[in-house]
**Q** 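Please find one structure pasted underneath; my questions will follow.
Protein chains get the first letters and strands the later ones, always in sequence-line order, with residue 1 at the start of each. Scope of the values below: all heavy atoms of this structure, side chains included, with no hydrogens, waters or symmetry mates.
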There are 2 protein chains.
Amino acid sequence: MNVQEAMDLLKKKGYKYTDKRQDMLQLFSEESRYLAAKDVLETMQKTYDGMSFDTIYRNLSLFTELGILEATELNGEKRFRFTCAVDEHHHHVICLECGKTKHIHHCPMDDQPVQEAGFDVIGHKFEIYGYCSECRKQPAS
Amino acid sequence: MNVQEAMDLLKKKGYKYTDKRQDMLQLFSEESRYLAAKDVLETMQKTYDGMSFDTIYRNLSLFTELGILEATELNGEKRFRFTCAVDEHHHHVICLECGKTKHIHHCPMDDQPVQEAGFDVIGHKFEIYGYCSECRKQPAS
DNA sequence: TTTCATAATAGTAATAATTCCGATTTAATC
DNA sequence: GATTAAATCGGAATTATTACTATTATGAAA
C-alpha cells in the first residue's frame with residue numbers, strides 16, 4: 001500500500017479526492033510509526049489553517065475501515081500507521097515515546113492456535129513495548 | 001492473591017483500612033474477569049450512596065501499582081482484574097463483551113525473545129479476543 | 001462550462017472516560 | 001478523647017473522541 005494505491009482505492013469505492021486526504025496519506029507514508037490523531041492534526045494544521053478535528057477523525061476511521069491504516073491503542077489514545085506491505089500477517093515492536101515500529105516476523109498464533117472451548121476467537125494482539133534508540137535517553141514517563 | 005492478602009499488603013504499606021477498599025477487592029475476587037471503572041462504580045453505589053468516581057479511580061490505580069490488580073485496555077477504556085495466582089507469567093483470552101478471561105499457559109516471548117537492535121524492551125502484550133459462550137449469541141458490536 | 005446532487009469540511013457543541021482539587025470525614029496513633 | 005494524615009465527596013477541569021449543522025467543494029451530467 002502506498003499513497004497512490006490508497007487514493008485509487010478511495011476512488012474505486014466512490015469516495016472523493018481531496019488534498020487533505022492525500023496529504024494525510026502522504027504523512028503516514030513517510031513515517032513507519034504510529035501517530036496519534038493530535039500528531040496528524042498538528043502537522044496538517046501547518047498546511048491547512050483551521051483544519052478541524054472532525055476531518056482528521058473521520059478520515060482516520062475511514063482509512064482504517066478500508067485497510068489503508070492499521071490502528072492500536074497506546075496510553076489511552078488510538079494511534080494509526082500505514083498498513084505494512086511486508087507480509088501477510090505480523091506484529092510490531094513499538095516505541096512508547098514516538099510510536100516507531102519494527103516488524104516481528106512471527107505470530108504466536110501460528111505456533112499454538114488457541115482453541116478455547118466455547119470461545120469464538122475473532123482477533124488477537126501481540127505487541128512488544130519499549131524505547132527506541134532516539135527516545136531511550138529520556139523516556140518521558 | 002486474595003482479599004485478605006491484599007488488605008494485609010495495604011496495611012503493610014501504610015495505607016488505611018476502609019470498607020470501600022475491602023468491598024472493591026471483594027468484588028474483584030468474586031469475578032475472574034476484567035471490569036471497567038464504571039462497572040465497579042455501579043456495583044459499589046448499590047452499597048454506598050454517593051460513592052464518588054474519585055475513590056474508584058484512585059483505588060483502582062493504587063491497587064494496580066501494588067500489583068493487586070492487573071489492567072488492560074479494551075475499546076478505549078481501562079479494565080481491571082484481580083491478579084491471577086495461577087503461575088508466574090501468562091496471558092489471557094478475553095471476552096470483548098463481558099471481560100471474562102481464560103488463561104493461556106504459554107508466552108510467545110519464551111519461544112522467541114525479541115532483541116531488536118537499539119530497542120529497550122520494557123513490556124509486551126499478548127491477548128486473544130472473542131466472545132464467550134454466554135455472550136456469543138448477541139455480540140453487541 | 002454551468003448545473004446539480006452528494007460528499008467533505010469547518011466550527012462548534014456534546015459525550016465519555018478520567019483526573020484534579022478544595023472541603024470534609026475518617027482511620028490509626030498518641 | 002485529641003491529633004494527624006489519609007481517604008472521601010462533590011463537582012469542576014481535562015482529554016480524547018464523536019456528533020451536528022451550515023457551508024463548501026468534488027465529480028458527474030446536462
**Q** In whole angstroms, how far is the P atom of D/dA7 from the CG atom of B/L60?
**A** 14 Å

**Q** Suppose we call two aromatic rings close when their centres sit under 6.0 Å apart. Are A/H103 and A/H92 close by that rule?
**A** yes

**Q** C/dA17 P sits how many Å from B/E42 CD, rounded?
**A** 11 Å

**Q** For B/P108 and A/F126, work out which heavy atoms get closest and say how close.
**A** CG-CE1, 3.6 Å

**Q** Between A/E77 (CD) and C/dT19 (P), how many Å, whole number?
**A** 13 Å

**Q** Counting only side-chain nitrogens and oxygens, does B/S52 get under 4.0 Å of the OP1 or OP2 atom of D/dG11?
**A** no

**Q** Measure from OH on B/Y34 to P on C/dA17 and round the result to the nearest Å.
**A** 19 Å

**Q** Within the pair A/Y57 and D/dT17, is there a side-chain N or O less than 4.0 Å away from OP1 or OP2?
**A** yes

**Q** Without decimals, in angstroms, what is the distance between B/M51 CE and C/dT26 C1'?
**A** 14 Å

**Q** Measure from OH on B/Y17 to C1' on C/dT29 and round the result to the nearest Å.
**A** 18 Å

**Q** Can you check nucleotides 28-30 of chain D for protein contacts, nitrogen or oxygen pairs under 3.5 Å, and list what you find?
**A**
none

**Q** Has B/R21 got a side-chain N or O lying under 4.0 Å from the OP1 or OP2 atom of D/dA7?
**A** yes

**Q** Output side-chain donor-acceptor pairs under 3.5 Å for residues 41-48 of chain B, partner residues at least two apart or in another chain, one line each.
**A**
| unit_1 | atom_1 | unit_2 | atom_2 | d |
| --- | --- | --- | --- | --- |
| B/T43 | OG1 | B/D39 | O | 3.1 |
| B/Q45 | NE2 | B/M51 | O | 3.2 |
| B/Y48 | OH | B/D23 | OD2 | 3.0 |

**Q** So does A/T55 get a side-chain nitrogen or oxygen closer than 4.0 Å to the phosphate oxygens (OP1/OP2) of C/dA10?
**A** yes

**Q** More 5' along DNA chain C: A/D54 or A/L62, using each one's nearest nucleotide?
**A** A/L62

**Q** So which heavy atom on B/M24 is nearest to which on B/I56, and how close?
**A** CE-O, 3.9 Å

**Q** Please determine whether a side-chain nitrogen or oxygen atom of A/N75 lies at a distance below 4.0 Å from atom OP1 or OP2 of D/dT15.
**A** no

**Q** May I ask you to verify if any side-chain N or O of B/R58 is less than 4.0 angstrom from the OP1 or OP2 atom of D/dA7?
**A** no

**Q** Tell me: CG of A/L41 to P of C/dG11, nearest whole Å?
**A** 12 Å

**Q** Within less than 4.0 Å of OP1 or OP2 of D/dA6, is there a side-chain N or O belonging to B/T18?
**A** no

**Q** Under 3.5 Å, is there any donor-acceptor pair linking the side chain of A/K16 to the base of C/dT6?
**A** yes

**Q** Does B/K38 place a side-chain N or O at less than 4.0 Å from the phosphate oxygens OP1/OP2 of C/dA17?
**A** yes

**Q** Over all heavy atoms of both residues, which pair between B/R33 and B/G99 is shortest? Give the atoms and the distance, please.
**A** CB-O, 3.1 Å

**Q** For A/K78 and D/dT18, is the shortest distance between a side-chain N/O and OP1 or OP2 below 4.0 Å?
**A** yes

**Q** In whole angstrom, what separates B/K13's NZ from D/dA6's P?
**A** 15 Å

**Q** Hey, which of these two, B/F53 or A/K20, hits DNA chain C nearer its 5' end, going by closest nucleotide?
**A** A/K20

**Q** Are any side-chain N or O atoms of A/E70 and backbone N or O atoms of A/C84, one a donor and one an acceptor, separated by less than 3.5 Å?
**A** yes

**Q** Side chains of A/E97 and A/C132: does their closest heavy-atom pair fall under 4.5 Å?
**A** no

**Q** Going by distance alone, is a donor N or O of one side chain under 3.5 Å from an acceptor N or O of the other, for B/E30 and B/Q26?
**A** yes

